[in-house]
Amino acid sequence: MSTTPAPPPDRAAATAGTPSAGPVRERGDACPGALRLHAADDGALARIRLPGGVLTSRQASLLADLAETLGDGHLDLTSRGNVQLRGLPADCGGLLAERLRLHGLLPSDRHDRIRNVAASPLCGLDGFSPDSASGSEGAPADVQAWARELDGLLCADDGAEALTDLSGRFLFGLDDGRGDIVALRPDVTLIASGAGRAGLCFGTTGPGLRVAAADAPRAAVLAAAEFLAVREASGSTAWRVRELAPGARPTAARLAERLTEAGIASTPLPGLRLPPGEPPVPGVVTGPDGTSALSVTAPLGRLTAAQWRLAVRMATKEGDWTIRVTPWRGLVLPGFPAEEAPRLLADLADSGFVTSAESAWHRAGACAGRPGCAKSLADVRADAAACLASGQAAGATALPVYWSGCERRCGHPGGGPWVDVLATGDGYRVTVRDESGGRQDAGPRTVTTAGLAGAVAAARTTT
């Protein structure tokens, strides 16, 4: 299959017509997938979706093979917990798809791009449960099981076919109650609430509904169907729930009716509020069963095939044969003997992984930049690496930082606050942004590359 050149991502235009019409997008969704490749300056780009972020060792090995034999030898981790391959030949689509299908990474051609499912990556690994968070006893919610069931429903031929109209940017968020996935601002959110229950809402705040945990994945599918129905009725072309005009957004009341029609009981949650939580911290994650997991991140979200293979070998020889890709461009490797975990973490550090929250590279990211992207005004990865190598602004409390080569800011963090380092053609503009609160600092600084490290360090320590 040949690639289909993708137009630049669109911005939602001003609301057309009445306030209920919602935003109008001038072009269709060109989000890449495993079948629809994006033509970049450095070759074709494929995005392989990993619902819940989970890979078996065999699947992970395949991705390394594909990166080396078809791509540029690197694997990029995305802000949805997916993996991208770059530098692919323009005519490799058919071969790529065939190999992904054989390894279970492309279960449905028609539903490929809608399989955006983020789940709490530490679920079941550190003893956290919604009940324990409130001081009582309870079993951890298995949001990974939700992710598997939800993916099966999304790919099913019956009932979910209409969901192929979802944008490739529509996000299902499955939060085990710690708030990490809530911070990503999903479109449909399931929040484990203990004792076999789950909260369901559009976006991340109430009003919502409480459903049985066993019904949660099916309820999420019906919520997505309700979004599409409301979008069609309003005449909007919105890709995300929050892009709909306030008066045209789906409601919990109408969703409750849809659930009832499907045989799913629900009760109102008038004020569903879960504060955004923090992503996994790099380091050893101690489990309640005597095993440990390793949490690491990829420098600027990119790994070489050799680094990736090291993680796969560890997972296969000493772990539980799985790898979890996180929405914060990291990996969680579960199932290691507790006494071996520090040594294995040190091996990952020696290979170039970020293994400590004290590192300046912790919570730092960048878009592809030059030469891979024609729209970029700078080689942002090289400039970011030089900046971070200075060691300034290291520390667990430093704000996240993201370098962007143009105003599109592809892959930037959601919510906030975060430091926005934007290439201008004459240097960089450094700004502290907070999309969750709609705030932005009043004094952005424009600096040359010579002054970039100091400006970024100052911004990252802003309180």
Checklist entry - Any ion pair linking Asp126 and Arg178 (charged N to carboxylate O, less than 4.0 Å)? => result yes
Next on the checklist: Is there a side-chain contact between Thr189 and Leu200 in this structure, where contact means two heavy atoms from C-beta onward sitting under 4.5 Å apart?
Outcome noted: no
Item to check | Side-chain touch Leu63/Leu55, heavy atoms, less than 4.5 angstrom | outcome: yes
Checklist entry - Who pairs with Arg363 by salt bridge (Lys or Arg N to Asp or Glu O under 4.0 Å), at least two apart in sequence or on another chain? => result Glu278
Checklist entry - Within the distance-only criterion (no hydrogens, no angle test), does the side chain of Gln307 pair as donor or acceptor with the backbone N or O of Thr304 below 3.5 angstrom? => result yes
Checklist entry - Roughly how far, to the nearest 0.5 Å, is the CG atom of Leu125 from the OG1 atom of Thr291? => result 7.5 Å
Checklist entry - Can you tell me how far the CG atom of Leu255 sits from the OG1 atom of Thr260, to the nearest 0.5 Å? => result 9.0 Å
Checklist entry - For the side chain of Arg329 and the backbone of Ala298, is there at least one donor-acceptor N/O pair under 3.5 Å apart? => result no
Checklist entry - Can you find a pair of side-chain heavy atoms, one from Leu45 and one from Gln84, that are under 4.5 Å apart? => result yes
Item to check | Pairs touching residues 178-237 that satisfy ring-ring contact (aromatic ring centres under 6.0 Å, His included), sequence neighbours left out | outcome: Phe170-Phe227
Item to check | Sequence neighbours excluded, every pair satisfying salt bridge (charged side-chain N to carboxylate O under 4.0 Å, His left out) that has a member inside residues 251-269 | outcome: Glu226-Arg258, Arg254-Glu257
Checklist entry - Going from CG on Leu37 to CG on Leu85, what distance comes out if it is rounded to the nearest 0.5 angstrom? => result 9.5 Å
Next on the checklist: A side-chain contact here means heavy atoms from C-beta on lying under 4.5 Å apart; do Pro282 and Val296 qualify?
Outcome noted: no
Next on the checklist: Any non-hydrogen side-chain atom of Leu77 less than 4.5 Å from a side-chain atom of Trp328?
Outcome noted: no
Next on the checklist: To the closest 0.5 Å, what do you measure between CD1 (Ile114) and SG (Cys155)?
Outcome noted: 7.0 Å
Next on the checklist: I want to check something: taking the side chain as every heavy atom from C-beta on, are Cys123 and Val143 in contact at a cut-off of under 4.5 Å?
Outcome noted: yes
Item to check | Partner residues of Arg324 under the side chain to side chain donor-acceptor pair (under 3.5 Å) criterion, sequence neighbours left out | outcome: none
Next on the checklist: Could you measure the distance from the CG atom of Leu269 to the CD1 atom of Ile191? Nearest 0.5 Å is fine.
Outcome noted: 9.0 Å
Item to check | Note, Val421 side chain near Leu452 side chain (heavy atom, < 4.5 Å) | outcome: yes
Checklist outcome for this item: Separation between CH2 (Trp146) and OG (Ser120), nearest 0.5 Å, reads 9.0 Å
Item to check | side chain to side chain donor-acceptor pair (under 3.5 Å) partners of Asp420, counting only residues at least two apart | outcome: Arg409
Checklist entry - Do the non-hydrogen side-chain atoms of Ser234 and Leu244 ever get within less than 4.5 Å of each other? => result yes
Checklist entry - With a 3.5 Å cut-off and no angle check, do the side chains of Asn116 and Arg169 form a donor-acceptor pair? => result no
Checklist entry - Has the side chain of Arg460 got a donor or acceptor atom that lies under 3.5 Å from a matching backbone atom of Val456? => result no
Checklist entry - salt bridge (charged side-chain N to carboxylate O under 4.0 Å, His left out) with Asp187: which of Arg240, Arg80, Arg249? => result Arg240
Checklist entry - Would you find a donor on one side and an acceptor on the other, under 3.5 Å apart, between the side chain of Ser356 and the backbone of Glu358? => result yes
Checklist outcome for this item: Shortest non-hydrogen pair, Ala224 vs Phe172, comes out as CB-CZ, 3.6 Å
Checklist outcome for this item: Closest heavy-atom pair, Val281 versus Ser295, reported as atoms and distance to 0.1 Å, is O-OG, 3.2 Å
Next on the checklist: Please check: side-chain N/O of Asp175 versus main-chain N/O of Asp180, any donor-acceptor pairing under 3.5 Å?
Outcome noted: yes
Checklist entry - Which pairs with one or both residues in residues 284-303 pass salt bridge (charged side-chain N to carboxylate O under 4.0 Å, His left out), sequence neighbours excluded? => result Asp72-Arg302, Asp76-Arg302
Checklist entry - When you measure from the side chain of Arg49 to the backbone N and O of Arg113, does any donor-acceptor pair fall under 3.5 Å? => result yes
